[in-house]
Amino acid sequence: MRTDRTFTMLKPDAVEKGHIGAILEKINASGFRIVAMKLTQMTTADAKEFYAVHRERPFYGELVEYMTRGPIVAAILEKENAVEDFRTLIGATNPADAAEGTIRKLYAASIGENAVHGSDSDENAAIESAFHFAGREMF
Ligand code: IDP
Ligand code: MG
C-alpha cells in the first residue's frame, strides 16, 4: 500500500468564498505535488456514500446538504508522509481548535463548514481517491 498520497476536497464554502487559489498556494508551498485535480459537484447519493461512516451521527443530514450544495475541488496530493502531514496542514476539525496558520484556522467558518477535507489514513486515501478519479486522471 502506498504511504505517500492523500485525498483532499476544497469544500463548497471554500469555493463559494473564492479561496481555491489561496488554499492551493498553501498546499503547493507545503511541498505537496498535485497528482489529480478537478472541479466537480457531489450528488446526494455521492455524499451519502462518501460520508457513510458518519451515517449515525446527528450532523449527517446537514453534512450531506452542505457537501452537495455547490462545486468542490477534488484532488490527490503526493508527499512523503502525505496523510499525516496534510492533516497537520489543515488543522483540527473545529476551526476554533485549529492551530494558527492552518487552512481551517484561516478559511473555515465552523466545525460543520470547515473548508477542506483530508483523508485520515492511507487506506481511506486510496478509497477516496478511487471514488473521485479514474486511473487515467491520475498523474
Ligand atoms: P475531519 O473532516 O476532520 O476528518 P470528521 O470527524 O471525519 O472530521 O467529520 C467529517 C466532516 O463532518 C467534518 O469535516 C465536518 O464537515 C462535519 N462535522 C464533523 N463534526 C461535526 C459536528 O459536530 N457538527 C457539524 N458537522 C460536523
Ligand atoms: Mg474524517
Side-chain angles (χ1 to χ4, degrees):
M1 190 192 306
R2 24 189 350 136
T3 59
D4 57 353
R5 288 186 177 187
T6 191
F7 172 78
T8 186
M9 295 181 287
L10 312 192
K11 297 181 176 183
D13 57 318
V15 175
E16 285 160 10
K17 292 175 186 167
H19 290 149
I20 295 174
I23 294 173
L24 291 179
E25 176 60 31
K26 221 166 156 48
I27 289 171
N28 274 326
S30 301
F32 292 89
R33 185 179 78 81
I34 295 168
V35 172
M37 186 164 68
K38 66 183 161 193
L39 193 64
T40 184
Q41 184 163 2
M42 288 200 282
T43 65
T44 297
D46 290 334
K48 283 183 169 171
E49 185 182 339
F50 189 91
Y51 284 111
V53 66
H54 295 304
R55 81 173 81 75
E56 306 301 337
R57 308 286 286 278
F59 58 82
Y60 183 61
E62 177 188 327
L63 175 60
V64 170
E65 279 280 312
Y66 158 54
M67 288 303 299
T68 57
R69 79 173 185 224
I72 60 165
V73 174
I76 301 170
L77 306 174
E78 189 170 78
K79 181 185 180 296
E80 194 180 314
N81 203 36
V83 167
E84 194 184 340
D85 286 2
F86 193 70
R87 294 289 301 202
T88 301
L89 178 65
I90 68 178
T93 306
N94 187 345
D97 301 329
E100 288 301 326
T102 60
I103 292 173
R104 282 170 167 167
K105 185 68 171 189
L106 289 166
Y107 301 111
S110 67
I111 189 169
E113 303 211 357
N114 59 5
V116 63
H117 168 83
S119 304
D120 63 7
S121 66
D122 290 337
E123 186 188 6
N124 283 333
I127 292 168
E128 292 169 1
S129 295
F131 185 89
H132 280 276
F133 293 100
R136 68 179 182 280
E137 297 177 296
M138 301 175 191
F139 301 88

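Scope of the values below: all heavy atoms of this structure, side chains included, with no hydrogens, waters or symmetry mates. Read the numbers this way: they start at 1 and go in the same order the structure lists the ligands and their atoms.
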Derivation and outcome, salt bridge (Lys or Arg N to Asp or Glu O under 4.0 Å), residues E113 and K11: CA-CA 8 Å; E113 303 211 357; K11 297 181 176 183; over 6 Å; no
Report yes if [X] has an N/O atom closer than 3.5 Å to an N/O atom of ligand 1; otherwise report no.
| X | answer |
| --- | --- |
| E113 | no |
| H54 | yes |
| Y51 | no |
| Y66 | no |

Of the protein's non-hydrogen atoms, which lies at the shortest distance from [atom], and what is that distance?
| atom | result |
| --- | --- |
| atom 15 (C) of ligand 1 | I111 O, 3.2 Å |
| atom 3 (O) of ligand 1 | T93 OG1, 2.5 Å |
| atom 22 (C) of ligand 1 | F59 CD2, 3.5 Å |
| atom 16 (O) of ligand 1 | G112 O, 2.8 Å |
| atom 2 (O) of ligand 1 | R104 NH2, 3.0 Å |

Could you label the plane-to-plane angle of the F7 and F133 rings as parallel, tilted or perpendicular, counting under 30° as parallel and over 60° as perpendicular? perpendicular
Checking Y66 now: which residues fulfil ring-ring contact (aromatic ring centres under 6.0 Å, His included) with it, not counting sequence neighbours? none
Between OG of S119 and CD of E84, what distance do you get to the nearest 0.5 Å?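 Output value for this atom pair is 13.5 Å.
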Does L89 share a hydrophobic cluster with V35, counting links as ILVMFWY side-chain heavy atoms below 4.5 Å and allowing steps through other members? no
Using a heavy-atom cut-off of under 4.0 Å, does the side chain or the backbone of [X] touch ligand 1, or both, or neither?
| X | answer |
| --- | --- |
| R57 | neither |
| L63 | side chain |
| M9 | neither |

Any atoms of ligand 1 less than 4.0 Å from a non-hydrogen atom of [X]? List them with their elements.
| X | value |
| --- | --- |
| N114 | 13 (C), 14 (O), 15 (C), 16 (O) |
| E62 | 25 (C) |
| K11 | 13 (C), 14 (O), 16 (O) |
| R87 | 1 (P), 3 (O), 4 (O) |

Determine the minimum heavy-atom distance between A109 and K17, stating which atoms define it. CB-NZ, 3.8 Å
Strictly under 6.0 Å, is that where the ring centroids of F32 and F86 end up?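 Distance test on ring centres: under 6.0 Å, yes.
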Stepwise side chain to side chain donor-acceptor pair (under 3.5 Å) check, H117 with E128: CA-CA 11 Å; H117 168 83; E128 292 169 1; 2.8 Å; yes
Is atom CZ of R55 surrounded by more than 12 heavy atoms (other residues, nucleotides or ligands) closer than 6.0 Å?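 Open: at most 12 neighbouring heavy atoms sit under 6.0 Å from CZ of R55.
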Could you list the residues that satisfy side chain to side chain donor-acceptor pair (under 3.5 Å) with D85, not counting sequence neighbours?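 Side chain to side chain donor-acceptor pair (under 3.5 Å) check on D85 returns K79, N81.
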